[in-house]
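Beneath this line is the structure, given in structure tokens, with notes to follow.
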There are 2 protein chains.
Amino acid sequence: MEMALAAIAGRWTTLILRDLMSGPCSFGQLRQRLPSLSAKVLADRLRELESRQLVTRERLSGFPTRTRYALTTRGRALRPLLVSLYETGTALRDLADLPR
Amino acid sequence: MEMALAAIAGRWTTLILRDLMSGPCSFGQLRQRLPSLSAKVLADRLRELESRQLVTRERLSGFPTRTRYALTTRGRALRPLLVSLYETGTALRDLADLPR
DNA sequence: CGGTATCCACGACGATACTG
DNA sequence: CAGTATCGTCGTGGATACCG
């Protein structure tokens, strides 16, 4: 459990992973999908995910620079966990305030 | 996903929930199972879990005082998530350092 | 476009001591 | 036994400004 929690630790991390689940993204694309997230925090998260070997970073040639972030095999291994987070959230919502 | 993450937020929270999954516990029993956790932090977590309606607190009569913590229906709804955390952790361990 | 560099505020965590 | 009170530290997240 600690390994999995460490993988998704940090605010916004799960949302970034979710976006990458549907395919590689550039830095700017991620910013567009997560507008309330500053560049610094997004860069922090991506560096963390890279160091955890969940995401790869690839600089594309040309100018202006483009960067491509993609999930690794380890990163894709998190998909069932994200699904479980979603399903659990739904279950909690359905049980909100009603029973014991 | 935010609902589920909010439910398990906080250090030690998942471990406390896991212990309660196997049945109600007293404060002291939880301390025994989580020796590296101070009384203050355990009390903090239990108050949070209570306010999130995931755990109930029941004071038993007699002296010295005993307290019984138990999961609510909402709390039990977290079981699949804890299982998924465990399985994902195992999967990450199996993929450690090896492939892309 | 894709980031860094600074700086700050706030809150979580934890140690220690004490109490009904 | 089951907590509360107090206090300090440290890290995280965020705002803002700037750079190759």
Side-chain angles (χ1 to χ4, degrees), chain A residues 1-20 23-52 54-71 75 85, chain B residues 1-20 23-52 54-71 75 85:
Chain A
M1 275 175 33
E2 292 170 52
M3 296 261 314
L5 287 170
I8 62 169
R11 204 171 173 188
W12 304 107
T13 301
T14 50
L15 296 179
I16 294 168
L17 288 168
R18 173 169 62 61
D19 284 342
L20 289 174
C25 280
S26 68
F27 191 88
Q29 286 173 328
L30 289 171
R31 291 215 67 186
Q32 284 177 24
R33 299 197 199 179
L34 303 165
S36 45
L37 174 54
S38 75
K40 180 222 175 201
V41 176
L42 177 56
D44 286 355
R45 288 295 163 274
L46 290 169
R47 299 294 166 273
E48 286 172 16
L49 291 172
E50 207 185 348
S51 76
R52 296 173 193 164
L54 301 171
V55 163
T56 55
R57 181 196 188 195
E58 183 186 358
R59 308 200 75 129
L60 307 179
S61 53
F63 186 83
T65 317
R66 282 218 163 235
T67 313
R68 179 185 143 109
Y69 292 95
L71 292 176
L85 283 168
Chain B
M1 276 175 35
E2 292 171 51
M3 296 260 315
L5 286 171
I8 63 169
R11 205 173 171 184
W12 306 107
T13 301
T14 50
L15 296 178
I16 294 168
L17 287 168
R18 174 170 61 64
D19 284 342
L20 290 173
C25 281
S26 68
F27 190 88
Q29 286 173 327
L30 289 171
R31 291 216 66 188
Q32 283 176 27
R33 299 195 200 180
L34 303 165
S36 45
L37 174 55
S38 74
K40 183 225 175 199
V41 176
L42 177 55
D44 285 355
R45 287 297 163 276
L46 290 168
R47 298 294 165 274
E48 286 172 17
L49 291 172
E50 206 185 347
S51 76
R52 296 170 194 167
L54 301 171
V55 162
T56 55
R57 181 193 189 198
E58 182 186 0
R59 310 201 73 130
L60 307 178
S61 52
F63 187 84
T65 317
R66 282 220 164 234
T67 314
R68 180 185 142 108
Y69 292 94
L71 292 176
L85 283 168

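Per chain, numbering begins at 1; letters A, B, ... match sequence-line order.
- With values rounded to the nearest 0.5 angstrom, A:E2 atom CD is found 6.5 Å from B:L15 atom CG.
- If you take CZ on B:R57 and CZ on B:R59, they are separated by 5.0 Å, rounding to the nearest 0.5 Å.
- Rounded to the nearest 0.5 Å, atoms OG (A:S38) and CG (A:L42) are 8.0 Å apart.
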Side chain to side chain contact (heavy atoms under 4.5 Å, CB included) assessment of A:V41 paired with A:W12 = CA-CA 9 Å; A:V41 176; A:W12 304 107; 3.9 Å; yes
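- To the nearest 0.5 angstrom, B:M1 atom CE is 3.5 Å from A:T14 atom OG1.
- Near DNA chain D, defined here as any heavy-atom distance below 4.0 Å, the residues from residues 33-42 of chain A are A:K40, A:V41, listed numerically.
- For the segment residues 60-69 of chain A, no residue has any heavy atom less than 4.0 angstrom from an atom of DNA chain D.
- Heavy-atom nearest nucleotides on DNA chain C were determined for A:Q32 and for A:A43, and the one closer to the 5' end corresponds to A:Q32.
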Full working for side chain to side chain contact (heavy atoms under 4.5 Å, CB included) between A:E50 and A:T56 = CA-CA 6 Å; A:E50 207 185 348; A:T56 55; over 6 Å; no
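- The shortest non-hydrogen separation linking B:T13 to B:I8 is CB-O, 3.6 Å.
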task = Let me see the working for A:R33 and A:C25 under side chain to side chain contact (heavy atoms under 4.5 Å, CB included), right down to the final yes or no.
result = CA-CA 10 Å; A:R33 299 197 199 179; A:C25 280; 3.6 Å; yes
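- Rounded to whole Å, atom P of D:dT12 lies 17 Å from atom CG of B:L5.
- Note: B:L54 CG to B:L71 CG = 8.0 Å, rounded to the nearest 0.5 Å.
- The interatomic distance linking A:R59 (CZ) with C:dT4 (C1') rounds to 12 Å, in whole Å.
- Near DNA chain C, meaning a heavy atom under 4.0 Å from it, residues 11-18 of chain A has no residue at all.
- Atom C1' of nucleotide D:dC1 and atom CG of B:L30 are separated by 13 Å, given to the nearest angstrom.
- An OP1 or OP2 oxygen of C:dG3 is reached within less than 4.0 angstrom by a side-chain nitrogen or oxygen of A:R47.
- C:dG2 atom C1' lies 11 Å from atom CG of A:L46, rounded to whole Å.
- Following rounding to the nearest Å, B:E58 (CD) and D:dG3 (C1') show an atom-to-atom distance of 17 Å.
- Per the geometry, CG belonging to B:D44 stands 13 Å off C1' belonging to C:dA15, to the nearest Å.
- The side chain of A:R57 contributes no N or O atom lying less than 4.0 Å from OP1 or OP2 of C:dG2.
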query = Does the side chain to side chain contact (heavy atoms under 4.5 Å, CB included) test come out yes or no for A:L46 and A:Y69, once each step is laid out?
reply = CA-CA 8 Å; A:L46 290 169; A:Y69 292 95; 3.6 Å; yes
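- Here the straight-line distance linking atom OG1 of A:T67 with atom CZ of A:F27 works out to 8.5 Å at 0.5 Å rounding.
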